[in-house]
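Notes to accompany the following structure.
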Amino acid sequence: MEPIGKPKRGLFRKYVVIFVVLVGGALLTSALVELFFSYKDKREALADIHRERAMSAAVAIKRFIDHIERQVRVAANTPQPVSIAGLTLRRMDYLRILKHVPAITDISYLDRAGKEQIRVSRISTDSIASQVDYSGKPKFKDAKAQKIYFSTVYFRNESEPYMTIAVAEQGVEAGVVVAEVNLKFIWEVVSQIRVGKAGRAYAVDSSGILVAHPNISLVLKKTDFSSLSQVQAALAASPHLSKDKKVIIAQDIQGLNVLTTFQPIAPLGWRVFVEQPLREAFAPFHSSVWRTALFILFGLGLAVLTSLLLARKMVTPVRALQDGAARIGAGALDQRIIVNTGDELEALAEEFNRMTVQLRDSYDNLEKKVAALQKSNMVKDQFLSVMSHELRTPLSIIMGHAAMANEGMLGDATQKQKVSLKKILSSAEELLTMVNGIMEVTKLEAEETKVERIEFGLGEFLGSLKLSYNF
(Lines give C-alpha, C1' and ligand atoms only; values in the text may rest on other atoms or scores of the structure.)
Protein backbone atom coordinates (compact mmCIF):
# COMPACT_ATOMS: atom_id res chain seq x y z
CA MET A 1 0.00 0.00 0.00
CA GLU A 2 1.36 3.40 -0.95
CA PRO A 3 1.85 5.84 1.91
CA ILE A 4 -0.64 8.66 2.21
CA GLY A 5 0.98 11.87 1.06
CA LYS A 6 0.64 15.28 2.64
CA PRO A 7 -2.58 17.02 1.54
CA LYS A 8 -2.23 19.98 -0.80
CA ARG A 9 -4.37 22.18 1.43
CA GLY A 10 -4.59 21.55 5.12
CA LEU A 11 -7.72 21.87 7.18
CA PHE A 12 -6.13 24.64 9.22
CA ARG A 13 -5.70 26.90 6.19
CA LYS A 14 -9.16 26.01 4.86
CA TYR A 15 -10.85 26.83 8.16
CA VAL A 16 -8.99 30.12 8.46
CA VAL A 17 -9.88 31.14 4.92
CA ILE A 18 -13.53 30.12 5.36
CA PHE A 19 -13.91 32.01 8.64
CA VAL A 20 -12.18 35.12 7.30
CA VAL A 21 -14.21 35.08 4.08
CA LEU A 22 -17.50 34.57 5.91
CA VAL A 23 -16.89 37.16 8.61
CA GLY A 24 -15.10 39.59 6.29
CA GLY A 25 -17.77 39.18 3.62
CA ALA A 26 -20.53 39.79 6.14
CA LEU A 27 -18.77 42.88 7.51
CA LEU A 28 -18.00 44.23 4.05
CA THR A 29 -21.52 43.62 2.78
CA SER A 30 -23.06 45.18 5.86
CA ALA A 31 -20.71 48.17 5.62
CA LEU A 32 -21.39 48.72 1.91
CA VAL A 33 -25.14 48.52 2.41
CA GLU A 34 -24.90 50.87 5.38
CA LEU A 35 -22.73 53.32 3.41
CA PHE A 36 -25.09 53.19 0.45
CA PHE A 37 -28.12 54.07 2.51
CA SER A 38 -26.10 56.55 4.56
CA TYR A 39 -24.98 58.28 1.37
CA LYS A 40 -28.54 58.27 0.07
CA ASP A 41 -29.92 59.67 3.34
CA LYS A 42 -27.13 62.24 3.53
CA ARG A 43 -27.75 63.42 0.01
CA GLU A 44 -31.48 63.67 0.61
CA ALA A 45 -30.86 65.58 3.83
CA LEU A 46 -28.45 67.93 2.06
CA ALA A 47 -30.96 68.36 -0.76
CA ASP A 48 -33.66 69.32 1.74
CA ILE A 49 -31.33 71.75 3.46
CA HIS A 50 -30.23 73.34 0.17
CA ARG A 51 -33.77 73.62 -1.11
CA GLU A 52 -34.81 75.22 2.16
CA ARG A 53 -31.87 77.64 2.04
CA ALA A 54 -32.57 78.49 -1.60
CA MET A 55 -36.21 79.09 -0.83
CA SER A 56 -35.26 81.20 2.17
CA ALA A 57 -32.89 83.26 0.01
CA ALA A 58 -35.54 83.69 -2.68
CA VAL A 59 -38.12 84.70 -0.08
CA ALA A 60 -35.67 87.13 1.54
CA ILE A 61 -34.84 88.80 -1.78
CA LYS A 62 -38.50 88.92 -2.76
CA ARG A 63 -39.34 90.40 0.65
CA PHE A 64 -36.69 93.05 0.05
CA ILE A 65 -38.22 93.91 -3.35
CA ASP A 66 -41.76 93.73 -1.94
CA HIS A 67 -40.87 96.24 0.76
CA ILE A 68 -39.66 98.69 -1.89
CA GLU A 69 -42.73 97.97 -4.00
CA ARG A 70 -45.02 98.72 -1.07
CA GLN A 71 -43.34 102.07 -0.45
CA VAL A 72 -43.77 102.98 -4.11
CA ARG A 73 -47.42 101.86 -4.00
CA VAL A 74 -48.00 104.02 -0.95
CA ALA A 75 -46.72 106.99 -2.91
CA ALA A 76 -48.85 106.01 -5.91
CA ASN A 77 -51.99 105.59 -3.80
CA THR A 78 -51.82 109.16 -2.43
CA PRO A 79 -51.96 111.17 -5.66
CA GLN A 80 -51.44 114.91 -5.47
CA PRO A 81 -52.57 117.47 -8.02
CA VAL A 82 -50.01 118.49 -10.60
CA SER A 83 -49.45 121.92 -9.17
CA ILE A 84 -46.75 123.70 -7.25
CA ALA A 85 -48.38 122.80 -3.94
CA GLY A 86 -49.04 119.25 -5.06
CA LEU A 87 -45.48 118.77 -6.29
CA THR A 88 -44.20 120.11 -2.99
CA LEU A 89 -46.27 117.57 -1.10
CA ARG A 90 -45.03 114.83 -3.43
CA ARG A 91 -41.43 115.89 -2.79
CA MET A 92 -41.96 115.61 0.95
CA ASP A 93 -43.44 112.11 0.54
CA TYR A 94 -40.56 111.06 -1.71
CA LEU A 95 -37.97 112.36 0.77
CA ARG A 96 -39.65 110.32 3.47
CA ILE A 97 -39.42 107.22 1.27
CA LEU A 98 -35.72 107.84 0.59
CA LYS A 99 -35.15 108.15 4.31
CA HIS A 100 -36.84 104.86 5.14
CA VAL A 101 -35.67 102.91 2.10
CA PRO A 102 -31.92 103.38 1.56
CA ALA A 103 -31.97 101.12 -1.53
CA ILE A 104 -34.02 103.70 -3.47
CA THR A 105 -31.67 106.32 -4.88
CA ASP A 106 -34.14 108.14 -7.13
CA ILE A 107 -37.92 108.49 -7.13
CA SER A 108 -39.87 110.46 -9.71
CA TYR A 109 -43.39 111.20 -10.89
CA LEU A 110 -44.49 110.99 -14.52
CA ASP A 111 -47.82 112.62 -15.34
CA ARG A 112 -50.51 111.00 -17.44
CA ALA A 113 -48.70 112.07 -20.62
CA GLY A 114 -45.46 110.45 -19.49
CA LYS A 115 -43.61 113.72 -18.75
CA GLU A 116 -41.47 114.00 -15.65
CA GLN A 117 -42.85 116.48 -13.15
CA ILE A 118 -40.62 115.84 -10.17
CA ARG A 119 -37.47 113.85 -9.34
CA VAL A 120 -35.97 113.43 -5.89
CA SER A 121 -32.52 111.85 -5.70
CA ARG A 122 -29.93 111.12 -3.07
CA ILE A 123 -27.07 111.10 -5.57
CA SER A 124 -27.98 113.99 -7.86
CA THR A 125 -29.82 117.34 -7.84
CA ASP A 126 -33.57 117.26 -7.42
CA SER A 127 -35.66 118.56 -10.31
CA ILE A 128 -39.20 119.91 -10.59
CA ALA A 129 -41.25 120.17 -13.78
CA SER A 130 -38.40 119.10 -16.01
CA GLN A 131 -40.98 117.91 -18.57
CA VAL A 132 -38.66 115.20 -19.86
CA ASP A 133 -40.80 112.91 -21.98
CA TYR A 134 -40.76 109.20 -20.95
CA SER A 135 -44.02 108.26 -22.63
CA GLY A 136 -42.28 105.83 -24.95
CA LYS A 137 -40.25 104.11 -22.23
CA PRO A 138 -41.29 100.76 -20.72
CA LYS A 139 -41.33 102.22 -17.24
CA PHE A 140 -44.30 104.35 -18.32
CA LYS A 141 -46.05 102.26 -20.97
CA ASP A 142 -45.81 98.89 -19.17
CA ALA A 143 -46.65 100.40 -15.81
CA LYS A 144 -49.81 102.02 -17.27
CA ALA A 145 -50.77 98.73 -18.94
CA GLN A 146 -49.90 96.29 -16.14
CA LYS A 147 -50.21 98.61 -13.13
CA ILE A 148 -46.68 97.64 -12.06
CA TYR A 149 -43.39 97.31 -13.86
CA PHE A 150 -40.05 95.66 -12.95
CA SER A 151 -37.19 96.42 -15.28
CA THR A 152 -34.27 94.23 -16.13
CA VAL A 153 -31.08 94.79 -14.21
CA TYR A 154 -28.84 97.54 -15.51
CA PHE A 155 -25.55 98.87 -14.30
CA ARG A 156 -24.78 102.48 -13.61
CA ASN A 157 -21.27 103.41 -14.64
CA GLU A 158 -20.84 99.71 -15.50
CA SER A 159 -20.32 98.92 -11.84
CA GLU A 160 -23.46 99.22 -9.67
CA PRO A 161 -26.51 97.04 -10.39
CA TYR A 162 -29.85 98.84 -10.55
CA MET A 163 -33.43 98.09 -11.41
CA THR A 164 -36.53 100.21 -11.94
CA ILE A 165 -39.86 99.71 -10.17
CA ALA A 166 -42.80 101.70 -11.51
CA VAL A 167 -46.37 101.75 -10.14
CA ALA A 168 -49.33 103.39 -11.91
CA GLU A 169 -51.70 105.66 -9.98
CA GLN A 170 -55.48 105.29 -9.96
CA GLY A 171 -57.90 107.63 -11.66
CA VAL A 172 -58.31 109.61 -14.89
CA GLU A 173 -55.39 111.90 -14.23
CA ALA A 174 -53.25 108.99 -13.03
CA GLY A 175 -49.55 109.12 -13.58
CA VAL A 176 -46.74 106.76 -12.73
CA VAL A 177 -44.43 106.74 -9.71
CA VAL A 178 -40.94 105.49 -10.68
CA ALA A 179 -38.22 104.33 -8.25
CA GLU A 180 -34.62 103.50 -9.14
CA VAL A 181 -33.34 100.78 -6.80
CA ASN A 182 -29.70 100.14 -6.00
CA LEU A 183 -29.34 96.35 -5.82
CA LYS A 184 -26.10 96.48 -3.86
CA PHE A 185 -28.27 96.42 -0.75
CA ILE A 186 -29.33 92.87 -1.56
CA TRP A 187 -25.77 91.94 -0.56
CA GLU A 188 -26.89 92.18 3.06
CA VAL A 189 -29.66 89.71 2.31
CA VAL A 190 -27.63 87.04 0.51
CA SER A 191 -24.63 87.36 2.84
CA GLN A 192 -26.84 86.25 5.73
CA ILE A 193 -27.75 82.97 3.98
CA ARG A 194 -25.36 80.36 5.40
CA VAL A 195 -24.88 76.84 4.12
CA GLY A 196 -22.14 75.27 6.17
CA LYS A 197 -18.89 77.19 6.46
CA ALA A 198 -18.10 77.80 2.80
CA GLY A 199 -21.60 77.63 1.30
CA ARG A 200 -23.18 80.74 -0.22
CA ALA A 201 -26.26 82.11 -1.91
CA TYR A 202 -26.32 84.36 -4.97
CA ALA A 203 -28.81 85.63 -7.53
CA VAL A 204 -28.66 86.16 -11.29
CA ASP A 205 -31.07 88.00 -13.54
CA SER A 206 -32.94 86.55 -16.51
CA SER A 207 -29.79 86.73 -18.69
CA GLY A 208 -27.46 85.13 -16.14
CA ILE A 209 -25.77 88.35 -14.98
CA LEU A 210 -24.85 88.31 -11.30
CA VAL A 211 -26.98 90.74 -9.28
CA ALA A 212 -26.34 89.56 -5.72
CA HIS A 213 -23.42 87.71 -4.17
CA PRO A 214 -21.64 87.64 -0.79
CA ASN A 215 -18.53 88.75 -2.69
CA ILE A 216 -19.78 92.18 -3.74
CA SER A 217 -16.78 92.71 -5.99
CA LEU A 218 -18.11 90.05 -8.37
CA VAL A 219 -21.37 91.98 -8.64
CA LEU A 220 -19.62 95.28 -9.26
CA LYS A 221 -17.61 93.63 -12.06
CA LYS A 222 -20.87 92.71 -13.81
CA THR A 223 -19.87 89.02 -13.73
CA ASP A 224 -21.67 86.78 -16.20
CA PHE A 225 -22.69 83.41 -14.75
CA SER A 226 -24.61 82.26 -17.83
CA SER A 227 -21.81 79.86 -18.83
CA LEU A 228 -22.36 77.71 -15.75
CA SER A 229 -24.36 74.56 -16.41
CA GLN A 230 -26.57 74.98 -13.35
CA VAL A 231 -27.43 78.55 -14.38
CA GLN A 232 -28.28 77.43 -17.91
CA ALA A 233 -30.54 74.69 -16.55
CA ALA A 234 -32.22 77.11 -14.16
CA LEU A 235 -32.86 79.75 -16.82
CA ALA A 236 -34.40 77.08 -19.04
CA ALA A 237 -36.70 75.86 -16.26
CA SER A 238 -40.10 77.20 -15.32
CA PRO A 239 -39.94 80.63 -13.65
CA HIS A 240 -42.61 79.67 -11.12
CA LEU A 241 -41.72 78.62 -7.61
CA SER A 242 -41.44 74.88 -7.14
CA LYS A 243 -40.68 72.65 -4.20
CA ASP A 244 -39.27 69.93 -6.44
CA LYS A 245 -36.14 71.66 -7.69
CA LYS A 246 -33.35 69.16 -7.95
CA VAL A 247 -30.07 69.38 -6.08
CA ILE A 248 -27.25 68.61 -8.49
CA ILE A 249 -23.48 68.43 -8.51
CA ALA A 250 -21.92 71.10 -10.74
CA GLN A 251 -18.96 73.47 -10.89
CA ASP A 252 -18.90 77.01 -9.60
CA ILE A 253 -17.29 80.01 -11.27
CA GLN A 254 -13.90 78.90 -9.90
CA GLY A 255 -14.21 75.36 -11.29
CA LEU A 256 -14.77 73.68 -7.91
CA ASN A 257 -17.33 70.90 -7.53
CA VAL A 258 -20.34 72.13 -5.59
CA LEU A 259 -23.71 70.86 -4.50
CA THR A 260 -26.23 73.38 -5.83
CA THR A 261 -29.92 74.09 -6.30
CA PHE A 262 -32.00 77.15 -7.20
CA GLN A 263 -35.32 78.87 -6.68
CA PRO A 264 -36.86 81.37 -9.10
CA ILE A 265 -38.29 84.77 -8.18
CA ALA A 266 -41.22 84.88 -10.57
CA PRO A 267 -42.02 88.62 -10.77
CA LEU A 268 -38.40 89.53 -11.43
CA GLY A 269 -37.29 86.59 -13.60
CA TRP A 270 -34.31 86.09 -11.32
CA ARG A 271 -32.86 82.80 -10.09
CA VAL A 272 -31.47 82.40 -6.59
CA PHE A 273 -28.80 79.73 -6.15
CA VAL A 274 -27.45 78.06 -3.05
CA GLU A 275 -24.09 76.31 -3.42
CA GLN A 276 -21.85 74.41 -1.05
CA PRO A 277 -18.46 72.85 -1.83
CA LEU A 278 -18.91 69.14 -2.38
CA ARG A 279 -16.01 68.29 -0.09
CA GLU A 280 -17.55 70.22 2.78
CA ALA A 281 -21.07 68.95 2.10
CA PHE A 282 -20.02 65.31 2.27
CA ALA A 283 -17.31 65.74 4.91
CA PRO A 284 -19.42 63.94 7.57
CA PHE A 285 -20.08 61.12 5.10
CA HIS A 286 -16.38 60.85 4.28
CA SER A 287 -15.63 60.67 7.98
CA SER A 288 -18.23 57.92 8.25
CA VAL A 289 -16.52 56.07 5.38
CA TRP A 290 -13.17 56.22 7.16
CA ARG A 291 -14.72 55.07 10.42
CA THR A 292 -16.41 52.21 8.60
CA ALA A 293 -13.14 51.26 6.88
CA LEU A 294 -11.35 51.20 10.25
CA PHE A 295 -14.20 49.14 11.71
CA ILE A 296 -13.92 46.66 8.80
CA LEU A 297 -10.15 46.38 9.29
CA PHE A 298 -10.62 45.83 13.00
CA GLY A 299 -13.34 43.27 12.29
CA LEU A 300 -11.13 41.47 9.77
CA GLY A 301 -8.25 41.39 12.24
CA LEU A 302 -10.52 40.03 14.93
CA ALA A 303 -11.92 37.50 12.44
CA VAL A 304 -8.41 36.34 11.51
CA LEU A 305 -7.42 35.98 15.16
CA THR A 306 -10.64 34.15 16.03
CA SER A 307 -10.38 31.91 12.98
CA LEU A 308 -6.80 31.00 13.91
CA LEU A 309 -7.87 30.01 17.40
CA LEU A 310 -10.94 28.09 16.25
CA ALA A 311 -9.11 26.40 13.39
CA ARG A 312 -6.30 25.35 15.70
CA LYS A 313 -8.81 23.98 18.19
CA MET A 314 -10.58 22.03 15.44
CA VAL A 315 -7.50 20.83 13.57
CA THR A 316 -5.47 19.67 16.61
CA PRO A 317 -7.73 16.64 17.41
CA VAL A 318 -7.95 15.80 13.71
CA ARG A 319 -4.16 15.74 13.50
CA ALA A 320 -4.05 13.58 16.64
CA LEU A 321 -6.39 11.12 14.94
CA GLN A 322 -4.26 11.17 11.79
CA ASP A 323 -1.02 10.54 13.71
CA GLY A 324 -2.66 7.77 15.75
CA ALA A 325 -4.00 6.06 12.62
CA ALA A 326 -0.52 6.28 11.07
CA ARG A 327 1.03 4.61 14.16
CA ILE A 328 -1.60 1.88 14.09
CA GLY A 329 -0.90 1.32 10.41
CA ALA A 330 2.81 1.04 11.23
CA GLY A 331 2.08 -1.75 13.74
CA ALA A 332 2.19 0.19 17.02
CA LEU A 333 -0.89 -1.50 18.43
CA ASP A 334 -0.03 -0.57 22.01
CA GLN A 335 -0.61 3.17 21.38
CA ARG A 336 -3.75 5.06 22.42
CA ILE A 337 -5.19 8.16 20.70
CA ILE A 338 -5.92 10.86 23.25
CA VAL A 339 -8.59 13.42 22.14
CA ASN A 340 -10.49 15.39 24.81
CA THR A 341 -12.99 17.44 22.87
CA GLY A 342 -16.22 15.95 24.20
CA ASP A 343 -17.70 15.67 20.72
CA GLU A 344 -17.74 13.34 17.71
CA LEU A 345 -13.95 13.57 17.34
CA GLU A 346 -13.44 12.14 20.81
CA ALA A 347 -15.93 9.32 20.02
CA LEU A 348 -13.99 8.61 16.82
CA ALA A 349 -10.74 8.40 18.78
CA GLU A 350 -12.32 5.90 21.18
CA GLU A 351 -13.44 3.78 18.22
CA PHE A 352 -9.84 3.78 16.97
CA ASN A 353 -8.66 2.71 20.42
CA ARG A 354 -11.18 -0.16 20.55
CA MET A 355 -10.14 -1.21 17.06
CA THR A 356 -6.52 -1.24 18.18
CA VAL A 357 -7.36 -3.53 21.13
CA GLN A 358 -9.20 -5.91 18.81
CA LEU A 359 -6.31 -5.93 16.37
CA ARG A 360 -3.82 -6.62 19.14
CA ASP A 361 -5.94 -9.55 20.44
CA SER A 362 -6.31 -10.96 16.94
CA TYR A 363 -2.59 -10.66 16.36
CA ASP A 364 -1.79 -12.43 19.64
CA ASN A 365 -4.18 -15.29 18.79
CA LEU A 366 -2.61 -15.60 15.35
CA GLU A 367 0.87 -15.86 16.85
CA LYS A 368 -0.29 -18.66 19.20
CA LYS A 369 -1.88 -20.57 16.32
CA VAL A 370 1.23 -20.19 14.19
CA ALA A 371 3.40 -21.44 17.08
CA ALA A 372 1.13 -24.47 17.61
CA LEU A 373 1.18 -25.20 13.91
CA GLN A 374 4.93 -25.00 13.80
CA LYS A 375 5.19 -27.44 16.74
CA SER A 376 2.77 -29.90 15.09
CA ASN A 377 4.69 -29.75 11.84
CA MET A 378 7.93 -30.42 13.70
CA VAL A 379 6.46 -33.59 15.29
CA LYS A 380 5.21 -34.76 11.91
CA ASP A 381 8.57 -34.13 10.33
CA GLN A 382 10.27 -36.18 13.04
CA PHE A 383 7.74 -39.00 12.65
CA LEU A 384 8.16 -39.05 8.89
CA SER A 385 11.91 -39.12 9.25
CA VAL A 386 11.73 -42.11 11.65
CA MET A 387 9.22 -43.91 9.48
CA SER A 388 11.32 -43.34 6.42
CA HIS A 389 14.35 -44.70 8.19
CA GLU A 390 12.46 -47.70 9.60
CA LEU A 391 11.00 -48.62 6.21
CA ARG A 392 13.99 -47.98 4.04
CA THR A 393 16.60 -49.66 6.22
CA PRO A 394 15.32 -53.31 5.95
CA LEU A 395 14.49 -52.80 2.30
CA SER A 396 17.96 -51.54 1.65
CA ILE A 397 19.43 -54.59 3.50
CA ILE A 398 17.24 -57.00 1.57
CA MET A 399 18.15 -55.28 -1.68
CA GLY A 400 21.83 -55.44 -0.79
CA HIS A 401 21.81 -59.18 0.05
CA ALA A 402 19.77 -59.94 -3.03
CA ALA A 403 22.19 -58.07 -5.21
CA MET A 404 25.17 -59.85 -3.63
CA ALA A 405 23.58 -63.27 -3.99
CA ASN A 406 22.70 -62.55 -7.56
CA GLU A 407 26.28 -61.66 -8.33
CA GLY A 408 27.58 -64.91 -6.68
CA MET A 409 29.24 -63.18 -3.85
CA LEU A 410 27.45 -65.46 -1.41
CA GLY A 411 28.14 -68.69 -3.36
CA ASP A 412 26.90 -70.34 -6.49
CA ALA A 413 23.17 -70.21 -6.97
CA THR A 414 21.07 -72.26 -9.21
CA GLN A 415 19.28 -70.82 -12.13
CA LYS A 416 16.05 -71.02 -10.30
CA GLN A 417 17.52 -69.18 -7.31
CA LYS A 418 18.85 -66.47 -9.58
CA VAL A 419 15.43 -65.96 -11.04
CA SER A 420 14.00 -65.79 -7.54
CA LEU A 421 16.70 -63.30 -6.45
CA LYS A 422 15.96 -61.06 -9.43
CA LYS A 423 12.28 -61.12 -8.53
CA ILE A 424 13.12 -60.31 -4.88
CA LEU A 425 15.41 -57.44 -5.97
CA SER A 426 12.81 -56.12 -8.37
CA SER A 427 10.06 -56.33 -5.71
CA ALA A 428 12.28 -54.64 -3.16
CA GLU A 429 13.02 -51.78 -5.56
CA GLU A 430 9.34 -51.36 -6.30
CA LEU A 431 8.58 -51.42 -2.60
CA LEU A 432 11.27 -48.83 -1.95
CA THR A 433 9.89 -46.67 -4.70
CA MET A 434 6.45 -47.06 -3.21
CA VAL A 435 7.73 -46.11 0.26
CA ASN A 436 9.46 -43.05 -1.18
CA GLY A 437 6.25 -42.11 -2.97
CA ILE A 438 4.22 -42.55 0.20
CA MET A 439 6.69 -40.41 2.12
CA GLU A 440 6.58 -37.65 -0.51
CA VAL A 441 2.82 -37.69 -0.55
CA THR A 442 2.76 -37.54 3.24
CA LYS A 443 5.13 -34.56 3.21
CA LEU A 444 3.02 -32.75 0.61
CA GLU A 445 -0.14 -33.35 2.65
CA ALA A 446 1.64 -32.00 5.72
CA GLU A 447 2.74 -28.89 3.81
CA GLU A 448 -0.76 -28.31 2.43
CA THR A 449 -2.21 -28.69 5.89
CA LYS A 450 0.31 -26.15 7.16
CA VAL A 451 -0.60 -23.65 4.42
CA GLU A 452 -4.32 -24.17 5.00
CA ARG A 453 -3.92 -23.51 8.69
CA ILE A 454 -1.84 -20.40 8.03
CA GLU A 455 -4.43 -19.19 5.53
CA PHE A 456 -7.14 -19.89 8.06
CA GLY A 457 -5.31 -17.89 10.72
CA LEU A 458 -4.71 -14.99 8.31
CA GLY A 459 -8.36 -15.11 7.35
CA GLU A 460 -9.40 -14.83 10.96
CA PHE A 461 -6.97 -11.91 11.45
CA LEU A 462 -8.17 -10.08 8.36
CA GLY A 463 -11.78 -10.75 9.36
CA SER A 464 -11.22 -9.22 12.76
CA LEU A 465 -9.43 -6.31 11.11
CA LYS A 466 -12.36 -5.72 8.78
CA LEU A 467 -14.81 -5.88 11.67
CA SER A 468 -12.69 -3.41 13.57
CA TYR A 469 -12.73 -0.87 10.71
CA ASN A 470 -16.50 -1.15 10.23
CA PHE A 471 -17.31 1.23 13.14
Side-chain angles (χ1 to χ4, degrees), residues 50-51 53-62 64-65 68 103 105-106 123 137-139 142 149-165 179-196 198-242 245-281:
H50 281 68
R51 280 193 289 264
R53 292 288 189 274
M55 187 173 294
S56 297
V59 170
I61 293 176
K62 191 173 186 302
F64 173 82
I65 299 298
I68 297 174
T105 58
D106 299 86
I123 59 175
K137 300 295 182 180
K139 64 182 178 180
D142 292 350
Y149 166 75
F150 296 98
S151 73
T152 59
V153 178
Y154 66 92
F155 285 78
R156 282 187 177 180
N157 301 322
E158 295 297 322
S159 61
E160 294 184 350
Y162 273 81
M163 71 174 297
T164 301
I165 299 178
E180 305 297 333
V181 182
N182 189 343
L183 298 179
K184 287 196 305 183
F185 288 88
I186 301 180
W187 172 84
E188 296 180 359
V189 176
V190 297
S191 62
Q192 293 176 1
I193 305 298
R194 296 290 182 182
V195 184
R200 56 186 173 271
Y202 62 87
V204 299
D205 65 5
S206 58
S207 61
I209 302 299
L210 190 66
V211 296
H213 196 280
N215 186 358
I216 191 64
S217 63
L218 293 176
V219 178
L220 299 180
K221 292 177 182 178
K222 198 179 178 180
T223 305
D224 187 358
F225 274 37
S226 62
S227 61
L228 298 179
S229 60
Q230 63 268 34
V231 175
Q232 294 174 358
L235 294 178
S238 172
H240 300 287
L241 287 172
S242 174
K245 298 299 179 184
K246 293 182 179 180
V247 178
I248 61 174
I249 296 175
Q251 290 186 339
D252 62 6
I253 197 66
Q254 298 175 343
L256 299 177
N257 290 329
V258 293
L259 200 65
T260 180
T261 188
F262 76 94
Q263 283 291 335
I265 303 178
L268 306 178
W270 296 1
R271 305 292 190 277
V272 179
F273 291 85
V274 170
E275 292 181 351
Q276 185 181 14
L278 196 63
R279 179 177 298 179
E280 180 190 38

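Keep in mind that this is a model prediction, so the values were computed, not measured. Basis for what follows: all heavy atoms, side chains included, without hydrogens, waters or symmetry-related copies.
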Quick one: are [X] and [Y] in side-chain contact, heavy atoms under 4.5 Å?
| X | Y | value |
| --- | --- | --- |
| N215 | R200 | no |
| H213 | T223 | no |
| E275 | Q230 | yes |
| I248 | T260 | yes |
| I186 | V211 | no |

Looking at every heavy atom in both [X] and [Y], which two are closest together, and how far apart are they?
| X | Y | value |
| --- | --- | --- |
| V219 | F155 | O-CE2, 3.3 Å |
| L235 | S206 | CD2-O, 3.8 Å |
| P161 | K184 | CD-CG, 3.9 Å |
| A58 | I265 | O-CD1, 3.9 Å |
| N182 | E160 | ND2-OE1, 3.7 Å |
| I253 | D224 | CD1-O, 4.4 Å |

State whether the side chain of [X] and the backbone N or O of [Y] hold a donor-acceptor pair below 3.5 Å, judged by distance alone.
| X | Y | value |
| --- | --- | --- |
| S226 | G208 | no |
| W270 | D205 | no |
| R271 | A234 | yes |

Practice item. First locate atom CG of D142, then atom NZ of K137, and finally report the distance between them rounded to the nearest 0.5 Å. Key: 12.5 Å
Study note, to complete from the structure: In this structure, OG1 of T164 is separated from CG of D106 (nearest 0.5 Å) by 9.5 Å
Practice item. Could you walk me through whether M163 and L268 pass the side-chain contact (heavy atoms from CB on, under 4.5 Å) test, one step at a time? Key: CA-CA 10 Å; M163 71 174 297; L268 306 178; 3.8 Å; yes
Practice item. If the plane angle is over 60° it's perpendicular, under 30° parallel, otherwise tilted; pick one for Y202 and F273. Key: parallel
